[in-house]
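Heads up, the thing below is written out as structure tokens.
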Amino acid sequence: MAASSSSLQFTATPFNQFHSKQVPKHATNWGTIRCSAASPSKSYNITLLPGDGIGPEVISVAKNALQLVASIEGFEVAFEEMPMGGAALDAVGVPLPAETLNSAKKSDATLLGAIGGYKWDKNEKHLKPETGLLQLREGLQVFANLRPTTVLPQLVDASTLKKEVAEGVDLMVVRELTGGIYFGKPRGFGTNENGQEIGFNTEVYAAYEIDRIARIAFETARKRRGKLCSVDKANVLEASMLWRKIVTALASEYPDVELSHMYVDNAAMQLVRNPKQFDTIVTNNIFGDILSDEASMITGSIGMLPSASLGAAGPGLFEPIHGSAPDIAGQDKANPLATMLSAAMLLKYGLGEEKAAQRIEAAVLDTLNRGFRTGDIHSAGHKLVGCKEMGEEVLKSIDSKTPAAV
């Protein structure tokens with residue numbers, strides 16, 4: 001167990017130096033969960049955004065895990081559940097209500113399930129669930145997205161890659177989250193000189209945006225295996241030329257980190273060809289979106305991977321990287337492990353509760369060791385379970401296991 005456990009320890013922990021909130025605020029409208037530990041010395045407010053599709057199912061499981069580890073470790077958690085995405089559109093007509101954003105801002109951390117679905121696909125852009133997610137990231141000023149990809153020994157056979165290629169993969173994608181083509185202006189629709197309709201977006205980065213995400217990436221690599229690959233398209237794009245210039249200049253401040261550069265098309269190919277060559281990857285918003293999803297499938301299922309989105313100060317946003325999976329919503333088929341591991345990242349990066357985070361990580365590994373699998377990771381010889389039962393088995397492991405030493 002000790003060897004496997006280390007593969008789930010998300011060792012990139014540079015954010016304590018950026019997190020300014022030390023003592024959480026209390027809000028009168030929060031439903032406080034009283035823990036069993038006597039006189040807890042710390043209390044945290046967490047905003048829950050179940051969202052759409054399988055989101056409510058996986059959030060419910062993760063909430064139970066957070067309550068349990070809080071009671072064991074002797075701190076208190078309070079939750080406020082708010083609508084977002086398609087659920088918010090149906091309820092109040094916008095994908096991110098002001099009340100939801102305010103709740104996230106005043107909390108110590110926010111845990112998101114999933115948003116979107118076929119029902120809202122044809123909505124105008126400002127009424128799409130995904131627009132609400134972009135607004136939430138911008139409102140919280142979370143510019144750094146950490147997406148770990150770890151192939152667990154228990155699931156190496158679930159990968160579509162050959163075992164010798166997938167085995168031992170352990171990388172972190174550090175994605176810039178609030179700049180680039182998703183937010184750049186000008187953008188919109190128009191007509192060209194030939195009278196044809198056009199759509200246009202702008203890939204733009206300011207120097208400070210590149211500098212701050214690069215520093216996060218260097219710090220992340222420093223706490224991992226000391227290798228950083230910066231991915232860009234500097235042979236074509238001016239924004240990437242500036243990106244490479246600034247990242248290269250920063251390297252002298254981190255002599256213990258080996259810096260390399262790679263064009264995004266080559267990086268996409270190398271992730272499939274030889275993913276073990278990567279330790280930490282830093283890249284822009286759109287490239288990070290694509291590459292981290294590609295990397296996730298090396299593990300065998302996107303349902304296994306968590307993420308953390310953090311800023312210079314204030315609450316972070318934590319979410320599984322999978323979608324809302326409307327085709328299986330409400331059928332107890334979802335894999336809750338990515339959300340539970342996102343809750344572990346929330347504890348570690350958002351609240352600084354390292355031992356509580358390790359309890360969840362260790363429990364996930366123990367549950368897999370005991371042979372429990374949801375449909376997306378199931379194989380012969382293992383027990384097929386639903387979302388609820390998988391969560392219950394992880395809770396049993398949390399209750400019976402002690403975390404590894406920090």
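What's counted below: heavy atoms across the whole structure, side chains too, no hydrogens, waters or symmetry copies.
- Put simply, the side chain of Q331 gets close to the backbone of D327: a donor and an acceptor are under 3.5 Å apart.
- Atoms CZ and CD1, on F200 and I181 in that order, are 12.0 Å from each other to the nearest 0.5 Å.
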Please lay out, stage by stage, how H322 and S296 fare under the test side-chain hydrogen bond (donor to acceptor under 3.5 Å, both in side chains).
CA-CA 9 Å; H322 61 67; S296 75; over 6 Å; no
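- Between the CD1 atom of I213 and the CZ atom of F218 there is a distance of 12.0 Å, given to the nearest 0.5 Å.
- In this structure, I298 and L161 have side chains that are in contact, with non-hydrogen atoms separated by less than 4.5 Å.
- Not one N or O on the side chain of N194 forms a donor-acceptor pair closer than 3.5 Å with the backbone of Q196.
- Listed here is the closest heavy atom pair of L101 and G139: CD1-CA, 4.1 Å.
- Residue T178 holds its OG1 atom at 8.5 Å from CD of Q141, rounded to the nearest 0.5 Å.
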What's the verdict on salt bridge (charged side-chain N to carboxylate O under 4.0 Å, His left out) for E76 and K42, showing C-alpha distance, side-chain angles and the deciding distance?
CA-CA 6 Å; E76 190 176 83; K42 292 175 288 187; over 6 Å; no
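- Between R359 and the options E354, E73, E353, a side-chain hydrogen bond (donor to acceptor under 3.5 Å, both in side chains) holds for only E73.
- K348 has a carboxylate O that lies under 4.0 Å from a charged side-chain N of E361, or vice versa, which qualifies the two as a salt bridge.
- Of the possible polar contacts, none joining the T374 side chain to the N335 backbone as a donor-acceptor pair under 3.5 Å is found.
- Within the cation-pi definition used here (under 6.0 Å to the ring centroid, within 45° of the axis), K227 does not qualify as a partner of F278.
- Expressed to the nearest 0.5 Å, how far OG of S240 lies from OH of Y205 amounts to 9.0 Å.
- A distance of 10.5 Å separates CD of E319 from OG1 of T110, quoted to the nearest 0.5 Å.
- By the 4.5 Å heavy-atom criterion applied to side chains, V169 and V156 are not counted as neighbours.
- Between W120 and L127 there is no side-chain heavy-atom pair separated by less than 4.5 Å.
- Ion pairing between K388 and D332 fails under the 4.0 Å rule for side-chain N and carboxylate O.
- Counting only heavy atoms from C-beta outward, the side chains of M172 and T220 approach each other to under 4.5 Å.
- Taking a 6.0 Å sphere around CD of E124, one finds it holds 12 or fewer heavy atoms contributed by other residues, nucleotides or ligands.
- Side-chain contact check for N145 versus S307: some heavy-atom pair is nearer than 4.5 Å.
- Side chain of T100 to main chain of L96: no donor-acceptor pair is present (N/O by atom type, distance under 3.5 Å, no hydrogens or angles).
- Checked by atom type and distance alone, the side chain of T202 never pairs as donor or acceptor with a backbone atom of V204 at under 3.5 Å.
- The local environment of CD in E164 is crowded, with over 12 non-hydrogen atoms from other residues, nucleotides or ligands closer than 6.0 Å.
- Two residues are said to be in side-chain contact when any heavy atoms from C-beta on lie closer than 4.5 Å; Q270 and M262 meet this criterion.
- Between D279 and R225, at least one side-chain nitrogen of the basic residue sits less than 4.0 Å from a carboxylate oxygen of the acidic one, meeting the salt-bridge criterion.
- In terms of modelled atom types and a separation under 3.5 Å, the side chain of T299 and the main chain of T150 share no donor-acceptor contact.
- Side-chain atoms of T367 come within 3.5 Å of backbone atoms of A363 as a donor-acceptor pair (strictly under, hydrogens ignored).
- Classification of K128 and D121 as a salt-bridged pair fails, no side-chain N sitting under 4.0 Å from a carboxylate O.
- Here the shortest heavy-atom pairing between V142 and L317 reads CG1-N, 4.3 Å.
- A salt bridge links R147 with D293: the closest approach of a Lys/Arg side-chain nitrogen to an acidic carboxylate oxygen falls below 4.0 angstrom.
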Show your working on side-chain contact (heavy atoms from CB on, under 4.5 Å) between V165 and K162 and close with a plain yes or no.
CA-CA 5 Å; V165 176; K162 293 178 180 179; 4.2 Å; yes
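- The shortest non-hydrogen separation linking E209 to G179 is OE2-CA, 3.9 Å.
- Annotation for A88 and P95: closest pair CB-O, 3.8 Å, computed over non-hydrogen atoms.
- For the pair F143/N285, no side-chain contact is recorded, criterion being any heavy-atom separation below 4.5 Å from C-beta on.
- Scanning all heavy atoms of the two residues, the minimum distance from L66 to I46 falls at CD1-CD1, 4.2 Å.
- Looking at T248 and H261, their side chains come closer than 4.5 Å, going by heavy atoms from C-beta outward.
- Salt bridge annotation for K119-D52: absent, with no cationic side-chain nitrogen under 4.0 angstrom from a carboxylate oxygen.
- Heavy atoms only, all atoms of each residue included: P336 and V61 are closest at CB-CG1, 3.9 Å.
- Q277 contributes a side-chain N or O that, together with a main-chain N or O of N274, makes up a donor-acceptor pair within less than 3.5 Å.
- Once rounded to the nearest 0.5 Å, the distance linking CZ of F189 with NZ of K125 reads 7.5 Å.
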